[in-house]
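Model, not experiment: these values are computed from the prediction. Any value given below was found using the heavy atoms of this structure, including those in side chains, with hydrogens, waters and symmetry copies removed.
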Amino acid sequence: MSKAHRGTGIRKEPNHGRGTCPVCGKTQIKILYDQDVDGKKVKVCKVCKAALKNKAQKEARLAKKAAAAEAPAPAAEAPAEA
């Protein structure tokens, strides 16, 4: 089967979705992904989108570990003697 409709979504974008990524500074790269960077919603390239997502996941894991470390451990119950 042919791929007649591939890329039709970016044909409507200015410059066919290409431009300069505000995060990495690469020029003439597809910038199609909306991301929050410094409180602003900007379009970034695929590589920067993945990097930002991985960074957010890493920070979430570290925060979860820190929260678990701060919480007191449950007291070990004494075994019942018969």
Side-chain angles (χ1 to χ4, degrees):
M1 293 182 70
S2 66
K3 310 281 194 257
H5 302 291
R6 185 178 288 180
T8 57
I10 63 172
R11 290 184 194 150
K12 297 171 188 156
E13 296 285 328
N15 204 16
H16 296 279
R18 292 188 177 267
T20 303
C21 179
V23 178
C24 63
K26 290 182 184 178
T27 58
Q28 289 302 310
I29 192 167
K30 290 181 195 171
I31 49 171
L32 304 172
Y33 306 98
D34 291 323
Q35 290 289 320
D36 290 325
V37 178
D38 297 330
K40 297 179 188 174
K41 201 153 189 138
V42 295
K43 290 194 173 227
V44 297
C45 66
K46 187 176 185 179
V47 175
C48 292
K49 176 188 174 233
L52 291 170
K53 182 179 177 183
N54 289 336
K55 183 179 176 184
Q57 285 179 345
K58 191 175 189 179
E59 289 174 355
R61 279 195 304 259
L62 289 175
K64 188 176 180 182
K65 283 184 182 179
E70 288 179 5
E77 295 182 24
E81 294 182 22

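- Evaluation of the side-chain contact (heavy atoms from CB on, under 4.5 Å) rule for Arg11 yields Thr8, His16 as partners, not counting sequence neighbours.
- Both Val23 and Tyr33 are assigned to one and the same hydrophobic cluster, defined by single-linkage of ILVMFWY side chains at heavy-atom distances under 4.5 Å.
- Taking CD1 of Ile31 as the start and CD1 of Ile10 as the end, the distance is 11.0 Å to the nearest 0.5 Å.
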Atom pairs and distances, donor-acceptor, side-chain atoms in residues 37-59, under 3.5 Å, two or more places apart:
residue, atom, partner, partner atom, Å
Asn54, ND2, Ala50, O, 3.3

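- Each salt bridge (Lys or Arg N to Asp or Glu O under 4.0 Å) pair with one or both residues in residues 14-34, not counting sequence neighbours, would appear here, but there are none.
- For the atom pair Glu13 CD and Leu32 CG, the distance stands at 7.0 Å (nearest 0.5 Å).
- Cluster note: Leu62 groups with no other residue, as no ILVMFWY side-chain heavy atom lies under 4.5 Å from it.
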